[in-house]
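Reminder, nothing fancy here: chain letters follow the sequence lines and each chain counts from 1.
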Amino acid sequence: MPDKFLSPYDSTATESRIYAEWEKSGLFNPDECVKQGFTKEDAATYSIVLPPPNVTGRLHMGHALMLAIEDTVVRYKRMRGLRTLWIPGTDHAAIATQSVVEKQLKKEEDKSRHDLGRAGLLERIEQFAAESHDTITKQVKTMGASLDWSREAFTLDETRSRAVRTVFKQMYDAGLIYRGHRIVNWDPKGQTTISDDEIVYEERAAKLYTFKYSKDFPIAIATTRPETKVGDVAVAVHPDDVRYKEFVGKEYDAVFCDVPIHIKIVADKEVDPAFGTGAVGLTPAHSKVDWDMADRHSLSHDTVVINEYAKMTVAGRLADKKATEARDIVVQWLTSEGLLEKEEDIKQNIATAERTGGIIEPLPKLQWFVDVNKEVPERSKTLKELMLEPVRSGEIKIIPEHFEKTYFHWIENLRDWCISRQIWYGHRIPAWYRSTDTHGKPSGEIAVGEAPEGEGWVQDEDTLDTWFSSGLWTFSTLGWPEKTRELQDYHPTDLLETGHDILFFWVARMILMTEFTLGTIPFKTVYLHGLVRDAQGRKMSKSLGNNMDPLDITAKFGADAARMALIVGNTPGTDTRISEDKVKGYKHFANKLWNIARFVLDNAQGANLQAPLTPADTELLTACDTLVQEVTKDIEEYRVYMAAEKLYHYAWHELADKILEESKPIFAGADEEVKASRKVLLVTLFDRTLRLLHPFIPFVTEEIWQSMPTKDAQFLMVAKWPS
RNA sequence: GCGCUCUUAGCUCAGCUGGUUAGAGCGUCCGCCUCACACGCGGAAGGUCAGGGGUUCGAGUCCCUUAGAGCGCACCA
């Protein structure tokens, strides 16, 4: 028995050394497993693509959980002899990364992006992204993740960029990507559009004002945003509302707070007669609902009164005022004119931008969209339907199942996806414009995909929503659009494991993109984990200061302990709580195994592994078979939380507490046959326990197994799973 | 407003398609430095499975309902 077993288990000394050895062996790469004879060349494949962490800094415990679950499954599959591929990568995360760098720039140098210019800012971001990448990679390795680093990808590298341009062009050619002038979610703080999914609604106190445009105007309207009323073109009422029936179709002129307006009364079923006065002032350019209603009544959308900086663009007393200031001015004016009838306190859900917190200003803009309701050529289905179908049919299985309902609900309410962003970091939209042709005549030409030949082409200034490139992740990481062997062997991938908070952002987009591009599903199973919360059940956040850094935790207790603490009892879709005490408990578990090793290796020295087992020992071996079957089934069905708990229980309370204890008198006794049998039993049971536990706590099991007489492979990592 | 989930021991949670005396970890209490381990060992207490109703031979597990908590989507101008 090596001397190291005489002192308690030291995870810090062991883990980094072992990871380096694994990495050096090349066995994270399935090709290498085949080459070195651990995996059969024609073995079935199993693949997972790592959800790429954003290069916005460092990993949090949620990432650690993701790595723990995925690595557990991957190690299990590898031990079962499958050609197992787990691809690492990082996400440029466009707006998220740019806003972190911009904040830093503001804080440290009091500069804005415009001070640096596009190239200058990009350089800064790339430097930041590179640093983040290195930190993240180090953290990932610390967790013990057996990722094939030779295949590492980045959402913004050359291969992935090519995939983005290619898909963009294909969707454009299919008529599914279009450029349109529509109301978008404008973030005045971030100075960019955002998609519907990037909006966070916050409940705030607001005032509902009831007033008339002028003394002569027959109907009072109610609004929380009086400043927008200078952009009104109509008042809508419900067609059955007897109060207003006589006015429908009539038109009025007024001067509202110095701004001349022309109002038509229209009837529309969407109006709720019970809210406010039952009459709505329509501001088509500054409200999505109003825009649609204006469309139905052939009203103009062109009256824009607020600009990108949320400032008023009208003349008069409101000129150049911030929207919030303009509100007060309008209210003051209404009061002095005697037009204000009522002012009520109400609660309102206000739309804010997820990344910047800016209050969304709906504005009409020319942007790029993905049409989700148009038929995909040759599929005779819309993208929406293509997203729904594989989940409906069960071709894609979501764990836990109830998220399928949430998924359907989301898709049913889905609108066209705005994919252009007015930020600089990301995939530049692969569209080029030329206003005049080669003969100098106005042409309005557009080229999409790769940069066109010829003079005078100007590329679109905007970049793509980051989820556009992440949507391609399962196949872009496998080398698409090249027809690679990897793509053939490993796609569709087997498992997509991620947080339930990005079911829509990402999972849905991957299904959309893959169905469109390859006509297949991107993955067979979706495993959604919950949030990792602190001991009190609070979200971990910077402001609360309750963040746990995976590096600190692993340094203190070991990656094995951290992994086990994150996995045991953590059912999919449910939030979990983590505390240092919990992790400490599993550090003790690693040490327990260490001590079992000491006992077994000490007492089973010189064991004859061929010695026959006594009936009692046979029975214990059979009991272990049952455990093997149960654990195998649990992992196959992605109940890793259950498998981990059973193994913990078996190792500690069965093997150590009962079997080791009852072995003591046997070894102290005189019956050599029983002793010989017991030696074999202990070695066999412990060997199996180590194999079964390896996917969960890879380091300590590997370290012990290297000293086991049953060692039959270079690493436990590629040893055979018991059956 | 629409939808989803949760409510099981002091705490955090399991309990798969309904089936023997409802489990784990932590905590608590009692006793132990017993030659693998005090990062430990042995033992104990502790639950009318939120309330009510129903289906069933049988329900923590299925259905209805009430109450509380959390989450998602939509959104009222």
Side-chain angles (χ1 to χ4, degrees), chain A residues 1 5-11 196-197 199 201 206 208-210 221-226 228-229 232 235-236 268 270-272 274-283 286-290 293 346-351 400-415 500-501 503-504 530-531 533 535-537 557-558 561 564-565 568-571 573-579 581-582 584-603 630 633-634 637 639 641-642 644-646 648-649 652-653 656-657 660-661 663-664 667-668 682:
Chain A
M1 179 180 68
F5 288 107
L6 295 176
S7 44
Y9 176 61
D10 179 2
S11 59
D196 294 346
D197 309 281
I199 288 179
Y201 287 95
L208 182 67
Y209 303 95
T210 304
I221 58 162
T223 182
T224 52
R225 298 198 62 187
T228 65
K229 300 290 101 182
D232 281 12
V235 163
D268 196 289
E270 288 295 299
V271 179
D272 176 6
F275 187 89
T277 61
V280 193
L282 294 190
T283 326
H286 298 287
S287 151
K288 216 171 266 183
V289 182
D290 293 5
M293 239 187 263
I346 60 161
K347 279 196 174 159
Q348 191 185 215
N349 280 329
I350 192 151
E401 208 180 332
H402 69 81
F403 272 103
E404 292 183 358
K405 285 181 191 166
T406 314
Y407 178 79
F408 295 143
H409 188 248
W410 178 79
I411 290 181
E412 280 151 19
N413 289 306
L414 189 62
R415 285 182 296 215
H500 68 71
D501 49 332
L503 176 62
F504 310 136
L531 234 58
R533 295 172 177 275
Q536 283 96 56
F557 307 106
M564 200 70 176
V568 172
N570 184 356
T571 46
T574 312
D575 293 353
T576 186
R577 298 184 186 203
I578 192 94
S579 61
D581 276 346
K582 191 171 178 188
K584 199 202 274 174
Y586 292 102
K587 171 183 150 68
H588 295 174
F589 179 57
N591 193 56
K592 186 73 183 179
L593 290 174
W594 194 249
N595 285 305
I596 296 173
R598 189 194 307 183
F599 183 90
V600 171
L601 293 175
D602 196 23
N603 285 288
E630 281 182 26
K633 191 166 179 247
D634 284 339
E637 292 169 11
R639 287 191 299 270
Y641 61 96
M642 181 69 84
E645 195 176 323
K646 281 178 186 163
Y648 174 93
H649 195 261
W652 200 312
H653 300 301
D657 287 353
L660 252 56
E661 283 306 322
S663 300
K664 288 176 185 173
F667 291 133
L682 287 189

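In RNA chain B, runs of at least 3 stacked Watson-Crick or G-U pairs (N1-N3 plus N6-O4 or O6-N4, or N1-O2 plus O6-N3, all under 3.5 Å) give these stems: B:1-7 with B:67-73, B:10-13 with B:23-26, B:28-32 with B:40-44, B:50-54 with B:62-66.
Under the side chain to side chain contact (heavy atoms under 4.5 Å, CB included) criterion, A/K288 pairs with A/I183, A/N185, A/D196, A/R415, not counting sequence neighbours. Not counting sequence neighbours, A/E270 has no partner by the side-chain hydrogen bond (donor to acceptor under 3.5 Å, both in side chains) test. Considering only residues two or more places apart in sequence or on other chains, A/T574 meets the side chain to side chain contact (heavy atoms under 4.5 Å, CB included) condition with A/T571. Checked against side-chain hydrogen bond (donor to acceptor under 3.5 Å, both in side chains), A/N603 has no partners two or more places apart in sequence or in another chain. Under the side-chain hydrogen bond (donor to acceptor under 3.5 Å, both in side chains) criterion, A/E661 pairs with A/K664, not counting sequence neighbours. Applying the salt bridge (charged side-chain N to carboxylate O under 4.0 Å, His left out) criterion to A/R639, with sequence neighbours excluded, gives A/D634, A/E637. For A/D232, the salt bridge (charged side-chain N to carboxylate O under 4.0 Å, His left out) criterion is met by A/K229, not counting sequence neighbours. Residues meeting the ring-ring contact (aromatic ring centres under 6.0 Å, His included) test with A/H649, sequence neighbours left out: A/H653. For A/W652, there are no side-chain hydrogen bond (donor to acceptor under 3.5 Å, both in side chains) partners, not counting sequence neighbours.
Between A/K592 and the phosphate of B/G40, there is no side-chain N or O to OP1/OP2 separation shorter than 4.0 Å. In this structure, A/H500 does not reach the B/C71 phosphate: none of its side-chain N or O atoms is under 4.0 Å from OP1 or OP2.
At the heavy-atom level, A/L601 lies nowhere under 4.0 Å from the strands shown. Residue A/T224 is in sugar-phosphate contact alone, with no base atom involved, counting any heavy-atom pair closer than 4.0 Å across all strands shown. Counting non-hydrogen atoms under 4.0 angstrom, A/R533 reaches nothing in the nucleic acid. Among the heavy atoms of the strands, none lies under 4.0 Å from A/V600. The residue A/A597 sits apart from the nucleic acid: no heavy atom pair falls under 4.0 Å. Contact annotation for A/N349: base contact, defined as any heavy-atom pair under 4.0 Å involving a base atom.
The backbone N or O of A/H286 sits nowhere less than 3.5 Å from a side-chain atom of A/T283 that would complete a donor-acceptor pair. In this structure a side-chain-to-backbone donor-acceptor pair under 3.5 Å is present from A/W594 to A/S7.
The same atom, C1', is picked in B/A24 and in B/U8; the two are 13 Å apart, to the nearest Å. Rounded to the nearest Å, the gap between the P atom of B/U48 and that of B/G10 is 8 Å. If you take atom P in B/A59 and the same atom in B/A50, they sit 15 Å apart, rounded to whole Å. Between the P atoms of B/G25 and B/G40, the separation comes to 12 Å (whole Å). B/A9 and B/G47: their C1' atoms are spaced 5 Å apart (whole Å). Distance noted for atom P between B/C2 and B/C13: 29 Å (whole Å). The same atom, C1', is picked in B/G19 and in B/C26; the two are 31 Å apart, to the nearest Å. Between B/U5 and B/C62, the two P atoms lie 11 Å apart (nearest whole Å).
Comparing A/V271 and A/D196 along RNA chain B, the residue whose closest nucleotide (by nearest heavy atom) sits nearer the 5' end is A/D196. Ranked by how close their nearest RNA chain B nucleotide is to the 5' end, A/T277 and A/P8 are led by A/P8.
Among the nucleotides B/A36, B/C75, B/A77, the one closest to any side-chain atom of A/R598 is B/A36. Listed nucleotides B/C41, B/C75, B/A77 differ in distance to A/V280; the shortest reach to its side chain belongs to B/A77. In this structure, of B/G40, B/A74, B/G42, it is B/G40 that holds the atom nearest to the side chain of A/H588. Of the listed nucleotides (B/C37, B/C75, B/C73), B/C73 has the atom at the smallest distance from the side chain of A/F504.
We find that CH2 of A/W410 is positioned 11 Å from C1' of B/C73, with the value rounded to whole Å. Rounded to whole Å, the distance from CG on A/D657 to P on B/G40 is 11 Å. Rounded to an integer number of Å, the gap from CD of A/E661 to P of B/G42 is 6 Å. Distance A/K347 NZ to B/A77 C1': 20 Å, rounded to the nearest Å. In this structure, the CD1 atom of A/I411 is 13 Å from the P atom of B/A74, given to the nearest Å. Distance A/I596 CD1 to B/C41 C1': 14 Å, rounded to the nearest Å. With rounding to whole Å, A/N591 atom CG is found 9 Å from B/G40 atom C1'. When the C1' atom of B/C35 is taken as reference, atom CG of A/L6 falls 13 Å away, rounded to whole Å.
When all heavy atoms of A/G573 and A/F403 are compared, the closest pair comes out as CA-CE1, 4.0 Å. The two residues A/V271 and A/G278 come nearest to each other via the heavy atoms CG1-O, 3.5 Å.
One cannot find a donor-acceptor pair under 3.5 Å joining the base of B/A74 and the side-chain atoms of A/E412.
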Restricting both atoms to N or O, compile the protein contacts to nucleotides 1-6 of chain B shorter than 3.5 Å, with distance only.
unit_1 : atom_1 : unit_2 : atom_2 : d
B/C4   : O2'    : A/H402 : ND1    : 3.0

Heavy-atom contacts, protein to nucleotides 13-27 of chain B, under 4.0 Å, summarised as B (base), S (sugar-phosphate only) or - (none) per nt, yield SSSB-------SS--
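Checked against a 6.0 Å centroid threshold, the rings of A/Y648 and A/Y586 count as neighbours.
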